[in-house]
Amino acid sequence: MTNAQLISQDPGWIIALKGLIIFAACVFLTIMSVWGERRIVARMQQRSGPNRVGKFGLLQALVDGVKLALKEDLIPKAADRIVFVIAPIISTTACFMAFAVIPMTGPVNFFGQQTAMQLTDLSVGVLYVLAIASVGVYGIVLAGWSSGSTYPLLGGLRSSAQVISYEVAMGLSLVAVFIYAGSMSTSEIVAAQDQWWYAVVLFPSFVIYAISMVGETNRAPFDLAEAEGELVGGFHTEYSSLKFALFFLSEYVNIIAVSALATTLFLGGYRALPGLGFTEQWLGGWFTLVWFFVKVLAFFFVFVWLRGTLPRLRYDQFMKFGWKVLIPFSLVWILVVATLRVMSQQNAPQALIFAFVFTVALLYLAVTSLIDRQKTKLAEAAKIIDTTQPSFPVPAIPTSRAEQLNG
Amino acid sequence: MAIANYLYLSAILFTIGAIGVVVRRNSIVVFMCIELMLNAANLAFVTFARINSNLEGQVVAFFTMVVAACEVVVGLAIIVTIYRSRRSASVDDASLLKR
Amino acid sequence: MNLSFNPYVPILVIGAIGFGFAIFSVAAAALTGPKRYNRAKSDAYECGIQPSPQAAGGGRFPIKYFLTAMLFIVFDIEIVFLYPWAVAFDQLGVFGLVEMGLFIATVFVAYAYVWRRGGLEWD
Amino acid sequence: MLTAPSLGYMLLSPMLIVFAAAVIGVLIEAFMGKTHRAAVQLTVSVGALLLSLLQLWRIRDLSSTTAAVNSVTIDKAGIFLQATVVILALIAVLLIADQDNFTAQASAIPGSNEEAIALQQNNQQTEIFPLFLFAVAGMMLFPVATDLITLFVALEVFSLPLYLLAGLSRRKRLLSQEAALKYFLLGAYASAFFLFGAAFLYGYAGTISLVGISAAAGSANEVFLLIGIVFVSVGLLFKISAVPFHSWTPDVYQGAPTPITAFMAACTKVAAFGAILRIFYIGFAEVETLWRPIITVIAILTMLLGSVVAIAQRDVKRMLAYSSIAHAGFLLSGVVALNKDGLAASLFYLMAYGLTTLAAFGIIGLVRDSSGEVTDLNRWIGLGKKSPVVGAVFAFLLLSFAGIPLTSGFIGKFAIFSAAYQSGNIALVVTGVLASAIAAFFYIRVIIMVFFTDPVNDSVSVIIPSVKSRISITVATAISAVLGLAPSLLLNVAENFSTFIK
Amino acid sequence: MSLLTLIGALPLLGAGLIYFLPSKNSELIKKYVFVVTTLVAIGSIFLALGFDKSVTTMQYVQSNSWISAFNINFAVGVDGISLVLILLSTILVPIVVLATWNESEGGRWGVKTFYVLILILETMMIGVFAATDLFLFYVFFEAMLIPVYFLIGGYGTGNRSAAAIKFLLYSLFGGLLMLASIIGIYVISGNQIGATFDLTQLATLEIDNQTENFLFLGFFIAFAIKAPLWPFHTWLPDAAKSATPGTSVLLLGVLDKVGTYGMIRFCLALFPDASKTFTPLIITLAVISIIYGAFMAIGQKDIKGLIAFTSISHFGFITMGIFAMTSQGMSGANLYMVNHGFSTAALFLVAGWMMARRKSSTISDFGGLQRVTPVMAWSFFIAGMSGLALPGLSSFVSEFLVLVGTYTRYPVAAVIGTLGIVLAALYILIPIQKTLHGPTTEGNENLKDLNLREKIAIAPVIAVIVVMGFYPKPVLDLINPTSEKIVANAGFTDPVAEVNK
């Protein structure tokens, strides 16, 4: 029996229980990942990070939460009060819902019932995730707008512009996966990866997805919406107390969600690493849960790693990257994948396939080198302008050190 | 829940939209009312697809969304231009053409 | 066979859980937090200078974002069409490839136009 | 399991050519330098339209008619309507190519620095060409579409570019933008009605194809059918500006750049009536008792209101707008006729009316003073004295609108009324005739203003038309005149092509 | 191509050729037009000479397919009635051209345009009488309006544009009503014998009563407007006052005959039953027209208005004659059409000269012309006498025939109609007395008498008036057979034996 069939037979109590478990897992993971992130970043920056509350500071995030709950809940007087309250609720609700279709285990025995750790299986599962992610954007826009304040407004806008921009690239990167899997159902995609992970077969898609998932979640180096130097806290500047906590929570749940989706679509989901297939039967199938979380946490580590390593992009660079690199590249890649797929389907001669691949590669080289040449030209042109004398009078540069100091 | 209820909902939404277009003055709100009408139609399509148990209605809904999106692009462009010209998005303010 | 639920019911379940949690948190924040009135607190945050009574531009969006939104819609629609196509790809064969090639080419033309006209420049 | 359908590219080719040209037009906009862009765009447009016409000629006798998985039917009448659209568009594009009518930069605020700069740099608005071609392609699709969704898509494909084009006038920008806004809001409103009606037709028949709807007659829920017909009709009647859905017409006609008004008035009518005819003749013919009385009443109201209100107009574009409303009423008689003659008559009428309209608006575009076009009728006084030729041509066109014998307008009216009479709608014929008489009044009044009164204001003059305008006005007038004297040339063709295939 | 078509096309051809004449040289243009129209007149006389009086069918028939989709033919032909009307028109045109030599000068547009319009109008006039295809007739009927419209509006006097539009709208309105009826009969023919516009075929249709009544009314109102029958006449005085004398001659002398001609040719032939139904009503209208026109004429201060109202009275006689449904009445009405054409022409032309000389059209401005301008005065006198149907002048014969024809069937109407003759004496004699006799009023002393050109122009008209008064036989010979046939076809038999054979 496939996962889908298994799940469809779930009685009500199992559904409720699974829902609670997923919710709890998300909250727990959030708390832990906040702690984890701080620790890892600290390590990377030669610090030790939170280490006071609980063993290794494990309870730090929890305590932070409690602290937030005890802070005063402010609503600015310029705010649109109703929307201001609704916005975090939307964000939070949406972020949990994304998990509903993620398969976390294969068939397992769940309190005597044969099922899989997946809340439900939709034939359009991935589309559903994207849709829910879009709903999350409402939370951001509304929060920014309803605050009635400049920084949140700009932050909200930037943030939503960013999310939707990268959502396009993300959406396009998934097309190749669907072509290969012939389905949009998450469990079927996982099942289709029993031979090869799509991260290998469709490496460019994977790369695009990986990049855009970082952009989509507003994380460093793409965290422009919260660029402290420019926009204070971004869309949630005016939020305090638990409402702020909710945004914080949803951000982290989102990170985990996109990681889980990446795992599902490209890394074979709950499947064991290559060569370790025998482990899938351990603990009555429950061991797949471990594989799943290993992969998800690996992604999470990458997120943290990026944050610890990379400087933040400028807004225009960031948008330019999304629109001018990722999207056209994805589109071309889709066509290439589709063509190859049709060729193999029609049993085209090997030579033809190679010729096609070769042509595409050549074209790619040609285009990129052309663009590069253009860039150099532009750069040179810019240089020439730089070297010309400015048309305005320039005060004489003081020569002696004393003069410099005295101004 | 009887499937006909979706039709009632769709009809209600459509009516709200239709009335909204007539009574509201802000062109953006008017425009949103029109979108509401389109979506009501979509809902009707999907409901009928369910009633007739074929997929055509859902396909139509698909296309409608596309068309609605195009309409949004064009419409907002026009509204924004007008707003820039006269600093108002009210339909009433746009009354140079005599009735 | 057990009664089987509509596959969207579990989504409602987790949605309800998330929603409940969010409502609970918002309500709890109002109860747990202290209430110490201070006029300055309810002003908009503006780095210490006298805050303006309203967000810049009266809460209106800069035109640039409008353009981004439009572009997003265009590509989102493209994706909407690409997905079913991708799922049914193996069954459609060459026909599917050619048609989608034409479709993507058309969208690409629009994309090139927007690019050339400076629709993809942000600053 | 899906199987790959076949599209029938041969049958679709006339439309595809225009679509492709539109796409190429966008590319030209993107990559071509400013200097030659306008010329190239015009060449592409004209070339594509000619090619499309040629292709239409080549497919005129093909045995298979349905294409794109039964969503379009390229039958004889469809080919005729498409050819009409293309021919009218060919003439219109030459009017449109007179760049002077369009704003240099649509996004600039009227009267702003930006605009002044754009004007100074002699910027030209060339996006109109791709927009125009998209509209034409949509108009070609509309009358051949045989399922509800294709109809809806086609409706929008040709409407959306028109909304934009309406707002691009170079002079009187605010007026033009306002026209665009009104056109857009009401147009979208009507589309929503159309769609909602389509949903109910689908609910009634269980299919979105017109044939299926007609086949379902009597077997399903009549309430759904009635709702569907009413709402779909509202959407369509809006497009042809029938009473009571006409209120946008005068405003839009007045505000839009005159060449666009010409194009819109001529081609939209053809496309929309083509679709209406197909929908009512194929989809709803079985249930004519449901809709025929309503449409008859609407036709009567439209004729009367258009004719009566036109009398009060002081602006020539508004006057022609009301006249177009009246003509919509006449054309509706052809729909109500619901017989082969009605179809043939409508086909002829559409062509004749389209040509006359194009030429008339072409001439309106020539009458100017220092600040642009002059459409106030009071300032047209004595124009015939200054430029007798233009005055005479305009008078001829007005007489054709009025339906004086020996003009194409008369033959069209005669054909359509005799078809209506044949189907027993005598009331319609009598009202139509009365409305014609009323309408004659304001056409003739204009002739009086132009010819029988001495000019009082010397600031208005007729500019010497450019070669393009001259060609298009001349060709349109010439064909219109020929159709008046030897209508057989087209009538026989219309007769031969007046078949809708289910 | 039959001679008829040639004659009809000749003016149009002439109009086309005017283009090649120099615009400056107006004398040349006038001479050219005179030659052309005279040629047409001569041609039509040949037409009459070649006409076979013994048969009542159409002659000089030609039929070519024009709009095959509706089975519309370019079908022409003449019988006695249409032949005399064509003769009337073609003869009047050169006379008008000659008589109103300078009329084209003062207009809004040039001389060329004026004559182009005149020539086009002549073609239309011939066409409208010659058409045997209903659709073709309608086309000429309506298209004829346009040149007249421009002639009145462009070359008229006074409030010419208002008059022009009034004329056009009235006529158009009527024409459109007729169009509705034409469509009706066309569709009915399609249902019965296959769609056609051929008059002879249409006459055989079986139409149910109600429909026939409606169709009849459509035609009749159109013709009643054209032949200004009370209460559809109100456009005529304005048009006649504003138009130039030449145009007025063509308007009243020929164009309005289309109305009465149409009643005979279409109302009676196509709808005999409806004609019977409406006869009482129409006779009543005709009688009212006679009396009303006469009374209005008496009250007129303006010469043109006077002539216009006398015409309304005369058209009342013609209509009465037609619908009396006797062969005398019919013949009389037909003859009256011709005679009225000439006598109105004479009146208008002479009145036109008078007005041109005096620069006024008010009757009271004239006086004692007899002494100053004897030739003009005599011409006016004879024309006036013809107008009141003085025995020995042409109108008398026709008026007598009409009254006799009517009396046999509608004695009351005939008696009241006779009253019209008495009134005619008033409305003609009073102005004649005022203008021609008595002392020469101020401003009239130096008026010039007719010049040679004008004399040449008026001479044939006077001659016709006088000759026809004594010897109407040639024309009656043309008219009578056709009249009898029409009455018979309409299903009537003469109540008494024929008079005046």
Side-chain angles (χ1 to χ4, degrees), chain A residues 8-9 11 15-16 19-20 22-23 69-74 76-78 85 88-89 92-93 96-97 100 119-122 127 145 148-151 153 157 161 164-165 168 171-172 175 178-179 182-184 232 237-238 241-243 246 315-316 319 323-324 327 331 335 338-339 341-342 345, chain C residues 1-2 4-5 7-11 13-15 17-19 21-23 25-26 28-30 32-36 41-47 52-56 59 61-62 65 68-69 71-72 75-76 79 82-83 86-87 89-90 93-94 97 100-101 104 108 111 115 120-123:
Chain A
S8 67
Q9 293 160 14
I15 292 173
L20 276 176
I22 287 172
F23 168 74
L70 296 175
K71 292 290 180 188
E72 183 174 358
D73 191 19
L74 291 174
K77 70 168 179 279
V85 174
I89 298 178
T92 316
T93 314
F96 286 116
M97 286 172 77
L119 195 52
T120 182
D121 189 73
L122 302 178
L127 193 62
W145 175 80
S149 167
T150 309
Y151 293 118
L153 179 68
L157 282 175
I164 61 175
S165 300
V168 171
L172 288 174
V175 173
F178 301 147
I179 291 180
S183 166
M184 277 197 273
V232 193
T237 305
E238 297 290 354
S241 183
L242 278 179
K243 289 208 208 68
L246 286 180
Y315 186 67
D316 62 322
M319 292 300 267
W323 284 103
K324 293 191 179 174
I327 289 177
L331 285 176
L335 284 179
T339 314
R341 181 85 179 175
V342 167
Q345 212 179 40
Chain C
M1 272 289 155
N2 298 338
S4 60
F5 285 93
Y8 287 88
V9 169
I11 290 175
V13 171
I14 190 144
I17 294 172
F19 185 72
F21 174 71
I23 292 281
S25 304
V26 170
T32 54
K35 307 258 174 318
R36 286 182 286 270
K41 274 187 197 165
S42 56
D43 278 340
Y45 177 83
E46 291 227 2
C47 312
S52 61
Q54 216 190 8
F61 294 4
Y65 292 105
T68 313
L71 284 174
F72 165 71
F75 280 95
D76 224 24
I79 291 173
L82 277 172
Y83 278 9
V87 170
F89 183 79
D90 285 350
V94 180
L97 179 67
M100 196 45 77
I104 291 181
F108 219 88
Y111 174 77
W115 187 331
L120 302 180
E121 308 293 328
W122 282 268
D123 43 22

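All values below come from the heavy atoms of this structure, side chains included, with hydrogens, waters and symmetry mates left out. Every value quoted in this text rests on a predicted model; they were computed, and no experiment measured them. In what follows, chains are A, B, ... by sequence order, proteins preceding strands, each numbered from 1.
At least one donor-acceptor pair under 3.5 Å links the side chain of C:Y83 to the backbone N or O of A:G171. Between the A:T93 side chain and the C:G15 main chain, no donor and acceptor come within less than 3.5 Å of each other. Panel note: side chain C:T32, backbone A:A69; a donor-acceptor pair is recorded below 3.5 Å.
Using a 4.5 Å cut-off between heavy atoms, A:I327 contacts chain C through its side chain alone, with no backbone atom that close. Proximity to chain A (any heavy atom under 4.5 Å) is shown, for C:F72, by both the backbone and the side chain. Heavy atoms closer than 4.5 Å to chain C are found in the side chain of A:L122, but not in its backbone. Looking at C:I11, both its backbone and its side chain come within 4.5 Å of chain A, counting heavy atoms on both sides. Both the backbone and the side chain of A:I164 come within less than 4.5 Å of a heavy atom of chain C. When heavy atoms are compared at a cutoff of 4.5 Å, C:L120 approaches chain A by way of both its backbone and its side chain. In this structure, the portion of C:V13 lying under 4.5 Å from any heavy atom of chain A is its side chain and not its backbone.
When each of C:I104, C:L97, C:V26 is scored by its heavy-atom pairs under 4.5 Å with chain A, the top score falls to C:L97. In terms of non-hydrogen atom pairs under 4.5 Å with chain C, the most contact-rich of A:D121, A:I179, A:T339, A:D73 is A:I179. Ranked by heavy-atom pairs under 4.5 Å with chain C, the list A:I22, A:L331, A:L335, A:T92 is led by A:L331. If you tally non-hydrogen atom pairs under 4.5 Å between each of A:L20, A:L74, A:L119, A:V85 and chain C, the highest count goes to A:L119. Interface summary for chain C: among A:S183, A:A16, A:P88, the most heavy-atom pairs under 4.5 angstrom belong to A:S183. Contacts with chain A were tallied for C:I23, C:V94, C:D76; C:V94 has the most, counting heavy-atom pairs under 4.5 Å.
Between C:L71 atom CG and A:W323 atom CH2 the span is 4.5 Å, to the nearest 0.5 Å.
In C:F19, the CZ atom is not crowded: 12 or fewer heavy atoms of neighbouring residues, nucleotides or ligands sit closer than 6.0 Å.
Residues satisfying the salt bridge (charged side-chain N to carboxylate O under 4.0 Å, His left out) criterion with A:K324, sequence neighbours excluded, are C:E121.
Shown here for A:L246 and C:F21, the closest heavy-atom pair between the two residues is CD2-CE2, 3.9 Å. Here the closest non-hydrogen pair linking A:G19 and C:I14 is O-CD1, 4.1 Å. In plain terms, the two heavy atoms of A:V342 and C:G93 that are nearest each other are CG2-O, 4.0 Å. Scanning both residues, C:V87 and A:G182, for their nearest heavy atoms gives CG1-O, 3.5 Å. The two residues A:L242 and C:S25 come nearest to each other via the heavy atoms CD1-O, 3.4 Å.
Side-chain contact between A:L172 and C:I79 is present, with at least one heavy-atom pair separated by less than 4.5 Å.
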